[in-house]
There are 2 protein chains.
Amino acid sequence: MNRTASIKDVANHASVAVGTVSNVLNYPDRVSQRTKERVLRAIDELGFVRNDAARQLRAGHSRTIGLIVLDVGNPFFTSVVRAAEDAAALQGSAVLLGDSGHDAGREANYIDLFQEQRVQGLLISPVGDVTERLDLLRERGVPTVLVDRLADESKFSSVAVDDDAGGYLAARHLLDTGRRRLAFVGGPTSIRQVADRLQGAERAVKEEPDATLEVLDSAGQTVLAGRSVGDMLVERGRAELPDGIFCANDLLALGVMQSLTMTHTFRIPEDVALIGYDDIDFAVSAVVPLSSIRQPTELLGRTAIELLSEEVESRNPVHRAVVFTPELVVRQSTATPGEG
Amino acid sequence: MNRTASIKDVANHASVAVGTVSNVLNYPDRVSQRTKERVLRAIDELGFVRNDAARQLRAGHSRTIGLIVLDVGNPFFTSVVRAAEDAAALQGSAVLLGDSGHDAGREANYIDLFQEQRVQGLLISPVGDVTERLDLLRERGVPTVLVDRLADESKFSSVAVDDDAGGYLAARHLLDTGRRRLAFVGGPTSIRQVADRLQGAERAVKEEPDATLEVLDSAGQTVLAGRSVGDMLVERGRAELPDGIFCANDLLALGVMQSLTMTHTFRIPEDVALIGYDDIDFAVSAVVPLSSIRQPTELLGRTAIELLSEEVESRNPVHRAVVFTPELVVRQSTATPGEG
DNA sequence: TCGTACCAATGAAACGATTCAAAACTTCGG
DNA sequence: CCGAAGTTTTGAATCGTTTCATTGGTACGA
């Protein structure tokens with residue numbers, strides 16, 4: 001048991017030619033029943049396992065797709081990854097997963113690694129601006145699809161979710177349930193997602209002449225940041241409290257909820273309605289189940305793979321930018337006051 | 001720009017032999033300065049990227065390590081993965097990540113895939129019992145290290161965390177802060193982790209003659225399951241309430257906390273102390289910051305890689321089972337009543 | 001019996017990098 | 001100018017698979 005068996009060993013053991021063994025593996029119909037059985041027995045007895053490196057060397061390309069995400073721990077990406085893996089498996093490819101952790105250096109390492117592996121193509125949620133490294137990929141003809149990032153269609157295909165539409169959806173929902181004094185809670189607007197969600201909310205508020213939107217800047221996108229905003233609101237007193245709060249993500253919303261419910265001065269949703277964004281697992285099991293905006297992550301992952309396949313198959317590069325619309329998930333935290 | 005450049009193209013372009021190009025890449029010292037520069041320029045001009053398949057075919061093995069986890073979304077594994085990747089990178093290997101999602105079929109697919117890729121070795125957190133497939137790997141001489149699972153040392157190396165010690169640590173902490181009527185909240189004890197944590201807690205309680213431990217079975221390991229247990233406790237009334245609760249994981253603890261704090265009948269930690277397990281991100285930002293037991297995930301990942309390296313390098317397979325002791329993280333939810 | 005199809009099996013060539021024995025070139029002392 | 005010793009460069013052989021033109025067999029009708 002020194003070395004793993006090769007196709008040649010199998011051929012000898014079954015007394016056939018190497019080409020025949022290869023045919024058994026790749027084109028079973030071309031081989032007679034008798035021979036096939038002999039070969040399969042030999043494979044079994046020797047514990048033969050295909051050497052993918054040799055296969056891929058001959059084929060000129062691998063059957064793997066590279067996927068680089070900003071943070072595997074983030075449920076959004078976890079879900080996208082899972083969907084991409086499943087979609088890839090259906091078409092016989094495997095996904096190599098890389099986690100850049102928002103670090104351009106790690107991202108670069110993975111890009112290089114995947115190039116050496118001769119991946120069929122690359123799905124990437126890039127760190128910061130689209131780097132020159134991605135342009136290099138393009139020149140080298142490595143099909144690439146940007147994930148969760150709009151792209152110049154002359155250069156790349158991309159899949160993304162319309163954050164402006166999500167913001168509109170959230171604010172519109174608050175307005176539809178009778179709230180008029182809205183507040184937006186969100187981290188630095190330098191983050192594109194935050195800015196887009198705010199912009200969508202503003203658009204909805206402009207549709208109602210008597211509605212107002214107050215912007216409450218939060219220090220970050222965490223539960224604790226949400227709690228400080230909440231504490232600040234509690235101190236204001238009832239008269240100046242907004243009656244509908246839209247948070248740029250669920251963590252912020254959970255923090256705000258903690259503040260408001262702890263003091264027992266305000267009730268959700270009777271005094272204030274609260275809606276978040278992302279629909280993380282915790283949203284449904286919050287003290288007051290949290291309404292949220294759900295992003296179609298499975299669709300995102302699946303579509304990314306499909307766009308990539310298109311690029312791989314067609315010679316001439318026709319890029320497409322696909323944008324999905326998020327979905328409103330209504331729970332108790334924004335129930336209509338009348339209905340409790 | 002039809003085909004990616006090969007080492008032969010580079011050699012022609014720089015007017016040297018293929019061996020020289022290879023030397024520039026692998027043993028730069030063997031090559032004269034002048035030649036090296038010419039070759040590097042050619043590499044740059046042609047956009048040459050090493051073909052890993054060819055390299056690996058010649059070398060007989062890859063520079064990658066397979067890692068199969070039960071759930072990439074679980075923060076415990078996410079952290080282990082990150083640590084393993086970093087440790088592998090240090091020794092010049094890359095990690096191929098597979099997510100079995102607790103599904104034996106997906107696990108089997110990844111094992112097969114990684115075998116075809118000729119990974120140097122495999123880290124796996126196996127689904128259910130150690131399968132015959134792993135025994136096959138062993139026979140084929142693929143070094144394998146089990147993660148988060150104790151293994152028969154005659155067969156595999158393994159890294160795991162001592163759940164019994166963790167349970168002891170949690171209960172001992174409750175006892176040390178003066179609590180005597182303890183309760184354990186945990187899902188079906190058929191789950192090994194749950195059973196071990198309970199056993200450790202029982203061990204601690206036996207050390208105090210006047211202490212008792214009540215076992216409250218929960219329907220699962222979720223926030224909602226925790227909340228039903230909490231609701232049940234609230235109904236009991238103060239006299240029969242335990243004064244220290246140890247939950248088999250943080251989600252359960254957060255659920256219990258929601259119930260107890262919502263009614264405002266009981267205060268944490270004054271009336272009841274509460275401690276969880278895993279120290280997830282949410283623990284620190286709970287309404288009452290949650291004490292918990294932290295598992296040394298980074299250490300787990302790093303050590304797994306080290307054990308694997310040992311197996312890869314040494315001829316004769318000497319397996320080791322490494323068990324780590326978890327760590328107590330004290331927060332407000334178990335503060336000593338006196339200190340409030 | 002021969003010729004024509006058809007089907008199965010064969011095995012050399014190719015993929016691209018690394019290795020290593022041999023060849024080619026330098027340098028330097030005599 | 002020669003030979004020895006050292007340094008660089010060369011290029012054929014190799015890894016394991018797939019491909020495909022070629023060969024070997026079999027069946028069947030004429």
Side-chain angles (χ1 to χ4, degrees), chain A residues 2-40 42-43 46-64 92 112-113 115-120 140, chain B residues 2-40 42-43 46-64 92 112-113 115-120 140:
Chain A
N2 316 321
R3 203 174 41 84
T4 58
S6 78
I7 212 175
K8 203 178 279 180
D9 300 324
V10 174
N12 288 338
H13 196 263
S15 312
V16 297
V18 290
T20 304
V21 177
S22 175
N23 281 334
V24 170
L25 294 171
N26 300 296
Y27 308 95
D29 294 346
R30 294 190 190 161
V31 184
S32 74
Q33 192 60 31
R34 265 178 47 81
T35 314
K36 199 171 356 187
E37 277 165 15
R38 269 225 314 285
V39 171
L40 288 177
I43 286 177
L46 297 179
F48 166 78
V49 175
R50 256 205 190 81
N51 183 325
D52 197 60
R55 193 162 126 85
Q56 158 173 346
L57 173 59
R58 181 69 238 254
H61 62 92
S62 72
R63 293 163 304 123
T64 53
D112 288 348
L113 177 66
Q115 265 195 95
E116 293 194 0
Q117 306 256 22
R118 296 291 191 272
V119 292
Q120 294 181 294
R140 302 233 172 99
Chain B
N2 317 321
R3 202 174 40 85
T4 59
S6 79
I7 210 175
K8 202 179 279 178
D9 300 324
V10 173
N12 288 338
H13 196 263
S15 312
V16 297
V18 290
T20 303
V21 177
S22 176
N23 281 334
V24 169
L25 294 171
N26 300 295
Y27 308 95
D29 293 347
R30 293 190 191 160
V31 183
S32 74
Q33 192 60 31
R34 265 177 50 78
T35 314
K36 199 173 352 186
E37 276 165 16
R38 270 225 314 285
V39 171
L40 289 176
I43 286 178
L46 298 179
F48 166 78
V49 177
R50 256 203 190 82
N51 183 325
D52 198 59
R55 195 159 115 93
Q56 157 174 346
L57 173 58
R58 181 69 236 257
H61 62 92
S62 73
R63 293 163 304 123
T64 54
D112 288 348
L113 177 67
Q115 264 194 98
E116 294 194 358
Q117 306 256 21
R118 297 289 191 272
V119 293
Q120 294 181 295
R140 301 234 173 100

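These figures come from a predicted structure and were not determined experimentally. By convention in this document, chain letters (A, B, ...) are assigned in the order of the sequence lines, proteins followed by strands, and residues within each chain are numbered from 1.
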Novice: For S62(A) and R118(A), which heavy atoms make the closest approach, and how far apart are they?
Specialist: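 S62(A) and R118(A) have their closest heavy atoms at OG-O, 3.0 Å.
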
Novice: If the helix axis at each end comes from five base pairs, how far does the helix from dT1(C)-dA30(D) to dG30(C)-dC1(D) deviate from straight, to 10°?
Specialist: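 Result, rounded to 10 degrees: 60°.
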
Novice: Mind jotting down which residue pairs meet the salt bridge (Lys or Arg N to Asp or Glu O under 4.0 Å) criterion with at least one end in residues 20-37 of chain A? Sequence neighbours excluded, please.
Specialist: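 For residues 20-37 of chain A, and leaving out neighbouring residues, there are no salt bridge (Lys or Arg N to Asp or Glu O under 4.0 Å) pairs at all.
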
Novice: Taking any atom under 4.0 angstrom from a heavy atom of chain B, which nucleotides of DNA chain C are the first and last to qualify, 5' to 3'?
Specialist: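 Span of nucleotides near chain B: dG16(C) to dT19(C).
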
Novice: What side-chain donor-acceptor pairs closer than 3.5 Å can you find for residues 15-24 of chain A, not counting sequence neighbours?
Specialist:
{"from": "S22(A)", "atom 1": "OG", "to": "N26(A)", "atom 2": "ND2", "distance (Å)": "3.3"}
{"from": "N23(A)", "atom 1": "ND2", "to": "G19(A)", "atom 2": "O", "distance (Å)": "3.4"}

Novice: What residue pairs, at least two apart or across chains, pass salt bridge (Lys or Arg N to Asp or Glu O under 4.0 Å) with a residue in residues 49-64 of chain A?
Specialist: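 Of all non-adjacent pairs touching residues 49-64 of chain A, those that pass salt bridge (Lys or Arg N to Asp or Glu O under 4.0 Å) are D52(A)-R55(A), D52(A)-R63(A), R63(A)-E116(B).
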
Novice: Taking all atoms of both residues into account, what is the closest heavy-atom pair of R140(A) and G47(B), and its distance?
Specialist: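 Scanning both residues completely, I find the closest heavy atoms to be NE-O, 3.3 Å.
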
Novice: Just verifying a value: how many Å separate T4(A) OG1 and N51(A) CG, rounded to the nearest 0.5 Å?
Specialist: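 Here the interatomic distance stands at 7.0 Å.
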
Novice: Hey, where on DNA chain D does chain B first and last touch, going 5' to 3'? Cut-off is any atom under 4.0 Å from a heavy atom.
Specialist: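 On DNA chain D, the outermost contacted nucleotides are dT8(D) to dG16(D).
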
Novice: Taking salt bridge (Lys or Arg N to Asp or Glu O under 4.0 Å) as the cut-off, I'd like each qualifying pair that reaches into residues 9-27 of chain B, sequence neighbours left out, listed once.
Specialist: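 The answer is R3(B)-D9(B).
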
Novice: For DNA chain C, what residues of residues 14-27 of chain B have any heavy atom nearer than 4.0 Å?
Specialist: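 Correct list: G19(B), S22(B), N26(B), Y27(B).
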
Novice: Write down the atom of F48(B), the atom of L25(B), and the distance for their closest heavy-atom approach.
Specialist: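 Of all heavy-atom pairs spanning F48(B) and L25(B), the closest is CE2-CD1, 3.8 Å.
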
Novice: For DNA chain D, find the residues of residues 51-63 of chain A with a heavy-atom distance under 4.0 Å and give them by number; none if there aren't any.
Specialist: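 Contacts with DNA chain D under 4.0 Å: N51(A), A54(A), R55(A), R58(A).
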
Novice: Can you name the side-chain contact (heavy atoms from CB on, under 4.5 Å) partners of L113(A), sequence neighbours left out?
Specialist: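 For L113(A) the side-chain contact (heavy atoms from CB on, under 4.5 Å) partners, ignoring immediate neighbours, are Y110(A), Q117(A), A94(B).
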
Novice: Which heavy atom of H13(A) sits nearest to which heavy atom of A42(A), and what is that distance?
Specialist: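 Closest approach of H13(A) to A42(A), heavy atoms only: ND1-CB, 3.6 Å.
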
Novice: Closest-nucleotide mapping onto DNA chain C: is R30(B) or F48(B) further toward the 5' terminus? I mean the 5' end.
Specialist: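 With R30(B) and F48(B) compared, the 5'-side residue is F48(B).
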
Novice: How far apart are the closest heavy atoms of A53(B) and L57(A), and which atoms are they?
Specialist: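 Answer, listing the atom of A53(B) first, then L57(A): CB-N, 4.1 Å.
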
Novice: Taking only residues two or more places apart in sequence or in another chain, which ones pass side-chain contact (heavy atoms from CB on, under 4.5 Å) with D112(B)?
Specialist: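 side-chain contact (heavy atoms from CB on, under 4.5 Å) check on D112(B) returns Q115(B), R133(B).
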
